[in-house]
Structure formats: structure tokens, C-alpha cells
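Everything on this sheet refers to the single structure shown next.
No hydrogens, no waters, no symmetry mates; every other heavy atom, side chains included, goes into these values. Letters A, B, ... mirror the listed sequences (proteins, then strands); counts begin at 1.
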2 protein chains.
Amino acid sequence: MPLKNTGTEQHIKETAKRMFFTEGKLHATTQEIADAAGVNRTALHYYFRSRDLLIAAIFQEAMQDLSQRLNECMTADQPFRDKTENIIDVFLRHMIAFPYQETFLVTEINTLGSRLINNIQSDPVKSYLLEAETEMGKGSIPPMKPVHFLMNLFSLLSYPLIMAPIYKKLFKVNGKEFKELMEERKGVIMGMMFKE
Amino acid sequence: MPLKNTGTEQHIKETAKRMFFTEGKLHATTQEIADAAGVNRTALHYYFRSRDLLIAAIFQEAMQDLSQRLNECMTADQPFRDKTENIIDVFLRHMIAFPYQETFLVTEINTLGSRLINNIQSDPVKSYLLEAETEMGKGSIPPMKPVHFLMNLFSLLSYPLIMAPIYKKLFKVNGKEFKELMEERKGVIMGMMFKE
DNA sequence: ATTTTTCTTAACATTTTTGTCTAACAAAAA
DNA sequence: TTTTTGTTAGACAAAAATGTTAAGAAAAAT
């Protein structure tokens, strides 16, 4: 089977991801995606058959990507503090590049139903939660239900980037200044999560 | 000029808000909104003229509501700790009822442009940030740029509720259990924000 | 080289969504 | 009452978005 493979399929998918995950344009039409990718809209149907299937493909990959990142970070063979620091690094970098990936996922789930995520792997998270509990016993992090610890961590990582358009106005900072603020977040978050 | 005012206009707007802000159905069509409101779709055009104007009205009110909440909370005449506790109460309650209001705002800004929010009031926030700075001097909260303190606060408040559909699966909790977790957040957040 | 397959596009068709028009009806005002 | 005004619904129209077909170009295989 010959495959010309000019990379158009990947290119379309990546362009769509950029619009959804990076630019936060959750209402993007097939025409807008095709235009942004610099291809005829038919190409989009040639590779994905329908808009819904393109969305489904993107959803699955985003879910897969999230699962894998969680997996790798949570089950890494590292001391708890290092592991958490790595989670911050990895997720913060990801949020800077794709701030609306989770928003996209949640929006799709809300419109199509939560059965879309029955394949999510919760074991790696569970093991991290156990480690957090142990750590609380040692006293290096304040005692609370481990899920709260994890929600706190992800909240501090993610929310400011999702709210960027509003925060920029509210704090009167420009794009560059906001970016600098985000670079400072790692230190801030570590300070919040661990007793210094 | 007689105004029959059967409440239909308000009812349509509230239904639309419920779909957008509470259910997170950001792609809702006029037909879906009309159906949910139990009115003919024409009523929607009669009162709002077009879909875009309905969206614009909802956007403005949501923005207004956010501004006002910020204003009232941030400039209340209270000691800093009490004030912060009140912010948590008010915003947590709001997030439980309308978890996707901010998401809606940001999505609209991303599609229509950030000039939509040039009327946002940043003075009340500024005064709260100054108070936070004073408080850091006193040592009751850890030293950091005040904006980080505020972003931390809002993150801890908001993000878990936005991610609810994913977190329920990831933590294997049902709706009731998740709701209970959210009720616990106030204490958790206070513990995170203030040195105990 | 030519045949086959993959890829890309333009033109067209269908479906979905939005918007308009008119008639019907009710309630208030004249 | 009748006239006017506000409100609702049905039918229709227009626009927007999605989907299909057919045909040609480019690459791979024979």
C-alpha cells in the first residue's frame, strides 16, 4: 500500500488542536479549521469523513495525552517532593502551550455525555494519592484528604492560564508581563503545597 | 406604553444561562434554548432579535455580575481574614451554581476579541491586593506577589468545579460524594491561604 | 510508460441553524 | 366596542455549515 503521506492529515489535526486548545476557539467551524490549515475543506472530509469524527479523534487524543501525562508523572520512581515538582514542570509547560485542552474536553463531555471518558485510568492517580497520604504522616505537607491536595495542585497550575484573557485586564498586565507571572508560578505553587 | 411583561424574556435568558453556565453546553442552539425554556423559537427573536444579541446580553450580564461580586467582596469593610473567608463563601457558592460562567466569558472573548472587556473595574481588586501585601508584612500569609495570592485563591475555588466531570471519573466518586468534597473546600482553602 | 492509488480541489447537494413575515389572539387604552 | 399594542406560533426564507460527487494532479507500483 503506497502512502503519499504529505502530512496533511496530521497538519489538519494539529491546526484544529491549535484552534481549540491554544486559542480557545471552541466554536471553530470546519471552514475556519481548513482555512487556518491552508487546505480545502474537502481534505478535512477526506481524512476524517465528518466534523464529528474529527472532533472525536481530537477528543480521544487529548484524553489519551492527559492519561499518559498523568501516568508518567504519577508513577515515576522519585521521592514525593521531586515527583510533585516534576508534575508542576510538565503540566505548567503543557498549560502554557495548550491552556484550553481540559476546557475542550469538559465542554465535549457536557454536550455529548460522560460516557466519553469511561476508559480513563485512575490507578496511577490513586498511587500518587497514597504517597501524598504517607507524606502527610511525615508532616512535610499539611494533613487533608489526598484528593484535596491533588485538586489544589492542579488548580494552582491550570486556572490562571485558563483565565488569562480576564486576568490580563483585571491586573492591567500585557502578554509579556503575564507570561513572566506564569514563569514564577512553579516557585509559588511549591511554596503553597509544601511546608517550607 | 403598556408592558404585559409575562416574564418570558427573563425566562428565556435564565434558561440560556442555565444551559451555558450550569450545564456547560457552550454550543447550545437557539432551538435547544427555546425548547429548554418551553417557548417557540420565535419568542427568542422577538425579545432579542438575533442569537448574537442574546449571547451579547448574557455576556454583559455575566460580566456585570462578576464585576459586582468582585467589587462587593473586595471593598467590604472587614479585616483581611474575614474578607477572604467571605470571598470564598460567595465565590464557592456561585461556582457550585454556575461553574461554567467564567468559561463562557473566556470562550466568547477568545472568539470575539478582548475588547469585549474594556469596561472591567480593576480598582477594587487593586485595593484587595494592597491589603494582602500589608498582611504579608504582618506575617499571617506567606510573602509573594499579591497577584499570585489572588490567583491562588480563585484557582482553588474555581478549578475543581470546572473539572467536575473529569474528576468524578478520575477519583471514582459519584455526584453526591463530589458535592460533599466541594463543601469541604472552604476549610481546605483557608488552610492553604493562611499560615495556621 | 502506463496503470493504479493517493491526494486535492471545485462544484454541487443536503442539512442545520438562523432569521423573517404574517396571522391569530389577548389585554390594555381609547 | 373598536383600536392599539404586546405577545405567541406557524409557515416560510435565507444563510451558514456540513457533506458528497466527480474529475484532475501527483506519486507509487507495475
What I want to find out is whether B:Lys138 reaches B:Glu135 closely enough, with some N-O distance under 4.0 Å, to be called a salt bridge. yes
So, is A:Thr42 near the phosphate of D:dT20, with a side-chain N or O under 4.0 Å from OP1 or OP2?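 Indeed not, no polar side-chain atom of A:Thr42 lies that close.
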Interatomic spacing from CE in B:Met19 to CG in B:Asp35 - rounded to 0.5 Å: 8.5 Å
What nucleotide among D:dT8, C:dT9, C:dT20 has an atom nearest to a side-chain atom of A:Val39?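 The closest nucleotide is C:dT9.
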In whole Å, I'd like the distance from the [atom1] atom of [X] to the [atom2] atom of [N].
X	N	atom1	atom2	value
A:Tyr46	D:dA25	OH	C1'	13 Å
B:Gln31	C:dT15	CD	C1'	14 Å
B:His27	D:dA16	NE2	C1'	17 Å
B:Glu9	D:dG6	CD	P	13 Å
B:His45	D:dT7	NE2	C1'	16 Å
B:Asp52	D:dA15	CG	P	15 Å
A:Asp35	D:dA16	CG	C1'	14 Å
B:Gln10	D:dT7	CD	P	13 Å

pair_partner(C:dA23), Watson-Crick or wobble, both distances < 3.5 Å, evaluates to D:dT8
Check every strand shown and say whether A:Ala43 touches a base, only sugar-phosphate, or nothing at a heavy-atom separation below 4.0 Å. base
Is A:Thr29 touching bases, backbone alone, or none of the nucleic acid, heavy atoms closer than 4.0 Å? sugar-phosphate
Do A:Asp65 and A:Arg69 pass the salt bridge (Lys or Arg N to Asp or Glu O under 4.0 Å) test, and can you show the C-alpha distance, the side-chain angles, and the key distance before you say yes or no? CA-CA 6 Å; A:Asp65 166 69; A:Arg69 244 179 315 131; 2.8 Å; yes
What about B:Arg41: does its side chain form a donor-acceptor pair under 3.5 Å with the base of C:dG19? yes
Donor/acceptor link under 3.5 angstrom from B:Thr30 side chain onto base of C:dG19: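 No, the side chain and the base share no sub-3.5 Å donor-acceptor pair.
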Side-chain heavy-atom pair A:Met63, A:Leu116 within 4.5 angstrom cut-off: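 No, side chains not in contact.
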Assert: residue with more 5' nearest nucleotide on DNA chain D, out of B:Asn40 and A:Ser50, is B:Asn40
Are A:Tyr167 and A:Phe178 close enough that their ring centers fall under 6.0 Å?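 A:Tyr167 vs A:Phe178: aromatic centres not under 6.0 Å.
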